[in-house]
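Notes follow once the structure below has been shown.
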Amino acid sequence: MQKPHCRRLGVSLIEALVALAVMAFGMLSLVGVQATLRLNSDLAKQRTEATRIATEDIEGLRLFTALNPVNGQPGVSWAEIASNVVASYVPPGNVGNTSYQVLRTVNTVAGTLRKVVSVQVNWIDRTGAAQSVTVDTVIAGIDPLLSGVLASKRSSVNNQIGGRNATIPVEAVNFGDSDGRSAFKPFDRGSVVWLFNNVTGEVVGRCPGITTAQAALALADVTGCPVIAARLLGGLVFFDLRLTPTPLPASASETPAGPQMLPLSATAPVVFPASAVSPVDQRTSAECVSDTPPSATAATLQNARGYAITYYCLVYPSTAGGWGGRLDVVLAANYPNGNALPGTTTPNDYKVCRYTTAATDFTINADHPRSYCVEKSSPLPSLQLPCNGRRLSANLINQNFLVIAAAQSCPTDIPADPANGNYVNSNTLQHQP
């Protein structure tokens with residue numbers, strides 16, 4: 001007799017339980033990942049906020065408006081930047097879900113105007129672990145007033161203003177043509193236009209007979225102009241003709257007090273006087289112009305500009321090596337060298353000082369030596385002659401002079417010291433006679 005078949009029961013239930021267990025382990029892992037992601041996201045948010053707090057503290061320190069403390073305005077000076085601790089800083093809106101400790105450490109580097117600032121922001125995250133962000137910087141003690149230098153015209157030929165060489169007068173019209181040229185009609189007087197190469201600053205053309213005003217110059221006005229190879233030399237002539245106080249204070253060179261200016265020669269406001277060493281390597285005489293007032297009366301009206309006359313010269317080097325020589329100021333015929341200054345009770349000759357940071361007649365060309373091309377001072381006469389070394393091959397601007405009464409001495413100035421309010425080295429040395 002055959003034995004009946006027995007069915008196996010309960011297999012499907014076991015498989016379901018195993019699948020449920022596997023799914024449970026997977027969900028637990030997913031929950032753990034989500035918790036980790038949430039923790040990391042929260043920590044990243046807190047770290048970002050801590051970095052913002054440290055950066056904000058440093059930027060606030062950089063907003064100082066003076067070097068030294070100001071009465072009635074605490075905390076606005078560089079000198080007041082100091083270490084500080086904020087024990088509990090809560091961001092607006094409780095961003096970051098925690099409070100922060102802000103620890104600022106400030107150390108002044110001995111012998112310098114530099115402060116090393118380190119801002120550390122500490123906090124406790126959700127897990128109770130200590131976290132920290134540190135931002136370091138250096139804050140220089142530079143007077144905020146010097147930010148105006150950014151708007152000043154610079155003398156370095158490597159600097160570019162408006163996409164062209166910085167020595168090109170700002171009034172020059174930039175044609176933007178394929179030759180890269182700018183046109184300048186000095187002081188909008190006469191009928192001569194100078195053409196500049198925008199990259200090198202070299203004067204590459206001289207266009208006579210141009211009646212068009214400076215602002216209206218167009219490329220068609222200068223088409224076919226004679227080609228030249230010249231360099232620009234320029235600067236200002238200031239005046240301080242006071243007989244008292246004696247001697248003139250150093251401020252007389254920074255802010256000349258007039259009380260008036262003297263007209264320069266209309267035909268030759270500045271010249272290279274003939275001598276054994278000047279001019280040097282110039283194939284023809286320099287062409288110099290200025291905005292000198294035509295009379296003493298006009299000079300009085302022009303005084304509002306600060307007792308200054310602007311001059312420009314085209315210098316024609318005879319060699320590729322450059323040029324040199326001494327440049328002198330020439331007053332109008334009624335005030336030649338040796339004549340009395342007007343407006344005084346006692347006849348006094350004028351004296352011309354040149355602005356220079358050097359202590360002697362010998363310095364680099366950009367610092368306005370007595371004669372250009374002298375590279376350094378030396379007790380040896382052979383090394384004191386102009387152009388013994390490198391000659392001038394590029395434009396030279398900011399070659400400034402100060403005319404004073406002969407009874408006075410040329411004002412001297414100590415080196416620039418911004419910490420004590422001396423922002424510019426305005427030292428001068430006697431140049432004429």
Side-chain angles (χ1 to χ4, degrees), residues 67 111-113 140-143 145-159 166-167 231-240 247-257 270 278 306-313 322-329 351-379 383-404 408-432:
L67 288 180
T112 70
L113 291 176
I142 300 176
D143 197 295
L145 293 176
L146 292 181
S147 61
V149 172
L150 297 175
S152 301
K153 189 174 182 179
R154 302 181 183 180
S155 60
S156 172
V157 296
N158 295 320
N159 291 320
T167 61
R231 300 294 185 270
L232 180 70
L233 175 68
L236 298 170
V237 180
F238 296 92
F239 297 84
D240 194 317
L248 288 173
S251 60
S253 57
E254 292 188 19
T255 54
V270 289
S278 180
Y307 310 106
I309 294 174
T310 303
Y311 74 88
Y312 294 109
C313 291
W323 62 273
R326 169 175 164 165
L327 185 70
D328 284 353
V329 176
K351 182 183 294 182
V352 179
C353 315
R354 70 179 178 280
Y355 286 88
T356 177
T357 58
T360 68
D361 288 343
F362 307 100
T363 184
I364 61 174
N365 294 318
D367 287 344
H368 205 174
R370 187 175 186 84
S371 294
Y372 294 112
C373 301
V374 175
E375 290 190 298
K376 59 183 178 180
S377 176
S378 171
L383 295 181
Q384 293 181 358
L385 295 177
C387 297
N388 178 73
R390 179 176 56 84
R391 291 180 171 86
L392 273 168
S393 58
N395 293 347
L396 201 60
I397 59 175
N398 297 328
Q399 302 302 288
N400 305 325
F401 296 95
L402 174 67
V403 179
I404 64 174
Q408 297 282 17
S409 299
C410 291
T412 58
D413 190 22
I414 61 175
D417 185 13
N420 293 308
N422 184 18
Y423 309 118
V424 179
N425 185 338
S426 56
N427 184 65
T428 66
L429 292 179
Q430 184 171 333
H431 189 76
Q432 294 169 248

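Basis for what follows: all heavy atoms, side chains included, without hydrogens, waters or symmetry-related copies. Everything numeric in this text was worked out from a predicted model, so none of it was measured.
Checking side-chain atoms of Tyr355 against main-chain N and O of Asn398 turns up no donor-acceptor pair under 3.5 Å. Using modelled atom types, one side-chain atom of Arg231 and one backbone atom of Ser393 make a donor-acceptor pair closer than 3.5 Å. Remark: the backbone N or O of Tyr372 is not paired with any side-chain donor or acceptor of Asn365 at under 3.5 angstrom. Listed for the Asp240 side chain is a donor-acceptor partner under 3.5 Å among the backbone atoms of Ala257. A distance-only check finds a donor-acceptor pair linking the side chain of Arg326 to the backbone of His431 [under 3.5 Å]. Between the side chain of Gln399 and the backbone N or O of Leu233 there is no donor-acceptor pair closer than 3.5 Å. A distance-only check finds a donor-acceptor pair linking the side chain of Ser253 to the backbone of Ser426 [under 3.5 Å].
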Residue pair Asn427, Thr357: steps toward the side-chain contact (heavy atoms from CB on, under 4.5 Å) verdict: CA-CA 6 Å; Asn427 184 65; Thr357 58; 6.0 Å; no

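Leu327 contributes atom CG, which lies 4.5 Å from atom CZ of Phe401 (distance to the nearest 0.5 angstrom). Here the CD atom belonging to Gln408 is positioned 12.0 Å from the CD atom belonging to Gln430, to the nearest 0.5 angstrom. Taking CG from Leu392 and CH2 from Trp323, the interatomic distance works out to 5.0 Å, rounded to the nearest 0.5 Å.
The two atoms that bring Thr412 and Thr428 nearest to each other are CG2-O, 4.2 Å, heavy atoms only. Contact record, Leu236 with Asn400: N-OD1, 2.8 Å, taken as the closest heavy-atom pair. Residues Pro411 and Leu248 approach most closely at CG-CB, 4.3 Å, considering heavy atoms.
At least one side-chain heavy atom of Leu429 sits under 4.5 Å from a side-chain heavy atom of Arg354. Residues Ile404 and Cys353 meet the side-chain proximity criterion, which asks for heavy atoms closer than 4.5 Å. Between Pro369 and Thr356, the closest side-chain pair of non-hydrogen atoms is not below 4.5 Å.
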